[in-house]
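Below: one structure, written as structure tokens.
So that the names make sense, note that chain A is the first sequence line, chain B the second, and so on, each numbered from 1. Just so it is clear, the model here is predicted, and its values are computed rather than measured. All values below were derived from every heavy atom in this structure, side-chain atoms included, with hydrogens, water molecules and symmetry-related copies excluded.
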2 protein chains.
Amino acid sequence: MRTGSKSVNLLESVRLPRSRLGRPRDERIDTEVVSAVLEVLKRGGYRAVTIDRIARRIQRGRSSIYRRWPSKRHLVAYSVVSEMGATPAADTGALRGDLEAVVGTLLRAFAGPLRQALPGLVADMANDTSLREAIRTEVLATRRRSMRQALGRAVDRGEIRRGFDVELILDMLTGPFYYRALFGHAPISRRMAREAVEYVLRVVKRP
Amino acid sequence: MRTGSKSVNLLESVRLPRSRLGRPRDERIDTEVVSAVLEVLKRGGYRAVTIDRIARRIQRGRSSIYRRWPSKRHLVAYSVVSEMGATPAADTGALRGDLEAVVGTLLRAFAGPLRQALPGLVADMANDTSLREAIRTEVLATRRRSMRQALGRAVDRGEIRRGFDVELILDMLTGPFYYRALFGHAPISRRMAREAVEYVLRVVKRP
DNA sequence: GCTTTACGATACACGAGGTCTCGTATATAG
DNA sequence: CTATATACGAGACCTCGTGTATCGTAAAGC
């Protein structure tokens with residue numbers, strides 16, 4: 001399934017630009033920082049991620065981090081998204097397969113550092129318009145676009161009815177994942193993912 | 001519809017106990033604090049809520065606040081929940097009516113201070129097990145229980161099929177509200193609430 | 001070699017949460 | 001009426017983490 005090349009990070013825009021003059025940046029530091037963030041995230045959650053702690057962990061200066069990302073929230077957002085990779089629009093030929101691909105991606109994402117990062121990230125997004133906008137347009141919108149296309153194809157194939165609220169369908173499919181990740185009242189499981197697809201199909205199928 | 005008496009706050013447990021000895025607390029301060037929190041929340045969001053700012057605003061000492069709530073997060077959680085009031089289990093006689101009552105409550109809640117508080121609260125919940133547990137068992141679980149009962153009644157009436165994943169149905173109905181509140185990619189509207197009920201009904205109705 | 005940027009270390013300013021102390025006020029128990 | 005216990009307001013204080021600024025040194029291109 002994997003798309004070999006990790007391609008370019010969806011959130012490249014939250015990084016600080018580098019100039020072509022002067023001493024070039026040490027590329028290794030970039031990857032060191034990101035992996036350190038992901039590790040700390042996994043262990044201690046968003047709060048445990050501290051610029052200072054990350055710097056110490058990889059034996060670098062704090063300035064090397066602030067040179068690349070404008071703030072902690074940008075760094076964490078970038079790290080998490082880069083770890084998930086760019087998800088291509090799946091086209092399996094049938095709606096069920098496409099939706100299963102979608103929830104599969106969510107399942108994997110919420111099994112990783114995203115889960116630990118989400119609460120803190122969500123709070124910081126509320127205080128940083130530009131970051132929120134970046135995440136919305138570069139990450140969420142990308143995912144949603146591919147889901148929308150999958151539904152569109154299904155309509156074209158006559159597989160499902162038309163006239164339903166596409167955005168709401170998307171949110172009913174994916175919202176429960178975020179909801180459960182944030183409140184933890186129920187597990188995010190394969191079974192749950194499977195059922196979610198089933199229920200969405202039931203909503204959109206022809207009468 | 002309203003149940004007259006606001007009854008007791010669902011989150012009473014996050015408050016600090018008071019003793020019967022010595023000088024009694026000034027009850028007015030309690031309400032002053034809570035309304036101040038709700039106002040500041042509405043304007044500036046979770047971040048703008050500062051113990052110091054709240055105290056200044058109502059011309060009281062900070063200690064009077066810390067005497068009642070162990071921390072900012074407890075105070076905010078309490079304030080938001082108390083403003084929403086305890087929602088009784090609606091029983092309109094038909095599943096559609098019951099579900100409409102549920103989304104109606106959500107609609108109102110997310111039009112108020114809850115919306116501003118949610119991101120910050122979610123982040124703090126991730127760092128405070130006891131607070132998370134309190135919110136889960138005293139607030140969320142209460143709501144979910146009444147929804148579960150509504151579905152149970154509908155099954156008993158033969159109105160809908162049985163054997164579906166109740167928890168997931170609940171999350172598909174309510175998850176989109178939280179999801180949209182946190183990411184703001186789509187509006188939380190009457191229309192959306194209406195459609196959500198419609199779709200859920202479509203999932204659980206008899207084949 | 002000059003300029004420009006990177007790197008690491010450190011000092012600093014700032015904000016907010018939360019604790020503690022203290023003098024004063026106000027309730028109940030005996 | 002007095003002792004005790006708590007509430008109240010004010011302020012000092014500690015801690016932690018973010019983000020900025022400075023500085024000497026290293027490494028690129030021109």
Given D:dT18, D:dG9, D:dT20, the nucleotide with the shortest approach to the side chain of B:Arg60: D:dG9
How close do [X] and [Y] get, heavy atom to heavy atom, and via which atoms?
X: B:Asp98; Y: B:Gly93; value: OD1-N, 4.1 Å
X: B:Val80; Y: B:Ala117; value: CG2-CB, 3.6 Å
X: B:Val40; Y: B:Ala48; value: CG1-O, 3.5 Å

Rounded to whole Å, please give me the gap between [atom1] in [X] and [atom2] in [N].
X: B:Glu32; N: D:dA7; atom1: CD; atom2: P; answer: 17 Å
X: A:Asp124; N: D:dG17; atom1: CG; atom2: P; answer: 15 Å
X: B:Arg18; N: D:dC8; atom1: CZ; atom2: C1'; answer: 16 Å
X: A:Ile29; N: D:dA26; atom1: CD1; atom2: C1'; answer: 12 Å

Does the pair [X]/[Y] count as a salt bridge with the N-to-O cut at 4.0 Å?
X: A:Lys72; Y: A:Asp124; result: no
X: A:Asp30; Y: A:Arg25; result: no
X: B:Arg18; Y: B:Glu27; result: yes
X: B:Arg144; Y: B:Glu167; result: yes
X: A:Glu133; Y: A:Arg136; result: yes

Counting only side-chain N and O atoms of B:Arg25, is one of them less than 4.0 Å from OP1 or OP2 of D:dA7?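 B:Arg25 to D:dA7 OP1/OP2: side-chain N or O found under 4.0 Å.
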Outer limits of DNA chain C sitting under 4.0 Å from a non-hydrogen atom of chain B, read 5' to 3', are C:dG17 to C:dA27
Residues of residues 64-74 of chain A with a heavy atom under 4.0 Å from any atom of DNA chain D, listed by number, are A:Tyr66, A:Ser71, A:Lys72, A:Arg73
Under 3.5 Å, is there any donor-acceptor pair linking the side chain of B:Ser63 to the base of D:dG9? yes
Under 4.0 Å, counting only non-hydrogen atoms across every strand here, what does A:Asp52 touch: a base, just sugar-phosphate, or nothing?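 It contacts nothing in the nucleic acid.
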With DNA chain C as reference, determine whether B:Arg20 or A:Arg23 sits nearer its 5' end, using the nearest nucleotide of each.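 So the residue in question is A:Arg23.
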In this structure, OG1 of A:Thr105 is separated from CD of A:Glu100 (nearest 0.5 Å) by 11.5 Å
